[in-house]
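Chain identifiers are assigned alphabetically (A, B, ...) following the order of the sequence lines, protein sequences preceding nucleic acid strands; residue numbering begins at 1 within each chain.
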Protein chains: 2
Amino acid sequence: MIIEFKVYCSYPQSFGDLFPYLRKSHYLISMFFHFRNKFPRLNVYWDKYLEFQQRLDVPAKTILLDEGKISQNYIYIEKGCVRSYFNKNGEDKTVQFFFEEEGLSSLESFVNNLPSQFTIETIEPSVIYLLPKQYVAQLIAELSNEADFTQMILYMSAQRQTHYINEFVSFIRDTPEERYQHLLQERPHIVQRVPQHYIASYLGVSTVHLSRIKSKLAKGKTRF
Amino acid sequence: MIIEFKVYCSYPQSFGDLFPYLRKSHYLISMFFHFRNKFPRLNVYWDKYLEFQQRLDVPAKTILLDEGKISQNYIYIEKGCVRSYFNKNGEDKTVQFFFEEEGLSSLESFVNNLPSQFTIETIEPSVIYLLPKQYVAQLIAELSNEADFTQMILYMSAQRQTHYINEFVSFIRDTPEERYQHLLQERPHIVQRVPQHYIASYLGVSTVHLSRIKSKLAKGKTRF
DNA sequence: TCGGGACGATAACATATGTTATCAACTTCA
DNA sequence: TGAAGTTGATAACATATGTTATCGTCCCGA
């Protein structure tokens with residue numbers, strides 16, 4: 001088993017060639033960082049690789065990765081927030097938001113050297129760390145010696161899969177108004193920190209309609 | 001690493017208690033079956049456990065698992081097709097379709113002994129195999145001795161995660177008409193075999209509107 | 001500090017989609 | 001074979017949502 005992962009130690013140009021079974025499991029790498037605070041043991045590795053990371057102190061609306069380009073770095077957010085989006089018919093469609101202590105990359109692009117489907121851009125002025133690909137490979141090789149390695153992977157991938165299933169089911173089940181209310185209840189920090197027009201496209205509605213939804217909910221509340 | 005998985009050999013009543021890191025990775029079990037044809041090596045195990053399986057020859061609209069009840073069996077489809085759905089305000093909302101040589105369970109329910117969020121029901125007359133929980137646990141324990149075990153898990157979970165991300169993004173990006181056309185192009189067998197009103201709720205529209213979409217597309221085609 | 005851009009509310013109108021009802025074709029089953 | 005259920009098309013109307021335009025506020029950089 002461990003031998004399988006030792007292969008990753010050779011610091012490849014293209015990760016894809018080294019993941020014979022994993023060409024599509026791009027999200028794997030993301031998860032170590034994304035959940036690192038849930039597995040404090042990982043912090044040792046994080047600290048060790050700190051010297052290889054580039055620290056960026058960037059303003060809002062800084063593009064960290066352009067749609068169509070190939071991801072070269074893993075991105076970790078120390079301060080601020082970030083969104084991923086794509087362009088459809090000249091219009092931004094926001095897919096996801098990321099905040100402090102979360103990590104991300106355009107994962108298929110990162111692992112397989114493919115053009116990214118998404119643009120990654122800061123929303124607020126942010127402090128970002130970039131870890132180049134080859135060090136990520138090295139980190140994974142080291143992590144594979146951790147006894148809990150496989151269980152961590154499973155736990156993390158399960159978390160993410162549950163998340164995406166719920167997002168998907170919500171579109172079948174709920175009206176835009178209901179989706180907005182769920183967002184308010186379950187992830188209020190998004191509504192508080194993210195400009196409304198990004199939230200609109202994330203909910204799948206126009207900015208005008210989200211404004212209407214808010215207005216309607218406000219009227220409901222002021223009844224007594 | 002392998003020691004971690006040996007734990008699973010004790011044939012528990014509740015899987016949840018035995019997956020300390022995996023309470024939410026219910027989908028794990030599903031994947032062995034779902035992708036078994038992509039990993040022919042698994043067929044040995046499948047055959048070995050055949051004697052513990054219950055064969056059902058059932059008509060259409062047979063409920064295999066009721067929303068709100070706890071899943072006791074892994075479900076494998078030899079012939080026919082099946083959908084999973086939930087009820088919202090008295091109305092069925094179809095989430096997913098399954099066909100020959102695919103396996104499923106209401107996964108959170110199955111692993112953690114929780115009430116299922118979804119009902120599972122045959123669409124066509126079908127031949128179904130049910131494998132009770134305790135044998136699934138046993139099977140997983142055996143599989144953990146396979147060298148490719150971890151890589152299989154990763155490959156499979158990546159497949160499923162990619163699928164759900166694409167479903168989710170499609171709702172942000174595409175109109176119902178575009179989603180129907182994608183279905184026609186990418187999974188035409190669904191459109192061919194599944195009654196239209198199930199497809200409508202899967203696409204997130206009313207039956208009437210799906211009918212309109214089809215009619216509009218038909219008119220477009222007959223132009224010359 | 002001034003001016004432009006980003007953000008958000010709102011109105012008016014257009015289009016998309018839902019709801020209800022009706023009808024026809026086709027199954028299924030007693 | 002006949003009756004009842006299932007499936008799907010269509011019409012008429014209601015509601016939801018998109019589009020375009022206008023306005024006001026706020027923020028930030030020259």
Next on the checklist: Please report the distance, rounded to the nearest Å, between CD1 in B:Ile199 and P in D:dA9.
Outcome noted: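 Taking CD1 of B:Ile199 and P of D:dA9, I get 11 Å after rounding.
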Next on the checklist: Using the ring centroid of each side chain, check whether A:Phe171 and B:Phe171 are separated by less than 6.0 Å.
Outcome noted: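 Yes - the distance between ring centres of A:Phe171 and B:Phe171 falls below the 6.0 Å cut-off.
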Item to check | Donor-acceptor side-chain pairing of B:Glu51 and B:Tyr135 below 3.5 angstrom | outcome: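 Checked: B:Glu51/B:Tyr135 side chains show no N/O donor-acceptor pair below 3.5 Å.
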Checklist entry - Side chains of A:His182 and A:Arg179: is there a donor and an acceptor less than 3.5 Å apart? => result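 No, no side-chain donor-acceptor contact under 3.5 Å.
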Next on the checklist: Quick one: does any side-chain atom of A:Thr62 pair with a main-chain N or O of A:Thr122 as donor and acceptor, under 3.5 Å?
Outcome noted: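 Pair absent, no side-chain N/O of A:Thr62 close to backbone of A:Thr122.
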Checklist entry - Donor-acceptor pair, B:Tyr74 side chain versus B:Gly103 backbone, under 3.5 Å? => result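 A pair under 3.5 Å: yes.
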Checklist entry - Would you say C:dG8 has OP1 or OP2 under 4.0 Å from some side-chain N or O of A:His197? => result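 Result: yes.
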Checklist entry - For D:dT10, does either OP1 or OP2 sit under 4.0 Å from a side-chain N or O belonging to B:Lys214? => result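 False: B:Lys214 side-chain N/O out of range (4.0 Å or more) of D:dT10 OP1/OP2.
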Checklist entry - How sharply is the helix from C:dT1-D:dA30 to C:dA30-D:dT1 bent, taking the axes over five pairs at either end and rounding to 10 degrees? => result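 Roughly 40°, once rounded to the nearest ten degrees.
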Item to check | Rounded distance [0.5 Å steps], CD in B:Glu121 versus OG in B:Ser84 | outcome: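 Those atoms lie 11.0 Å apart.
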Checklist entry - With under 30° as parallel and over 60° as perpendicular, where do the rings of A:Phe168 and B:Tyr202 fit, or are they tilted in between? => result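 Aromatic pair A:Phe168/B:Tyr202 classed perpendicular.
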Checklist entry - Considering only side-chain heavy atoms of B:Gln196, which listed nucleotide, D:dG8, D:dT7, C:dT10, is closest? => result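 Within the option list, the nearest is D:dG8.
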Item to check | Cationic N near anionic O, under 4.0 Å, B:Lys79 to B:Asp57 | outcome: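 Salt bridge between B:Lys79 and B:Asp57, a charged N being under 4.0 Å from a carboxylate O: no.
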Checklist entry - Quick one: what's the B/S/- string for nucleotides 12-30 of chain C, heavy-atom cutoff under 4.0 Å, read 5' to 3'? => result B----BBBB----------
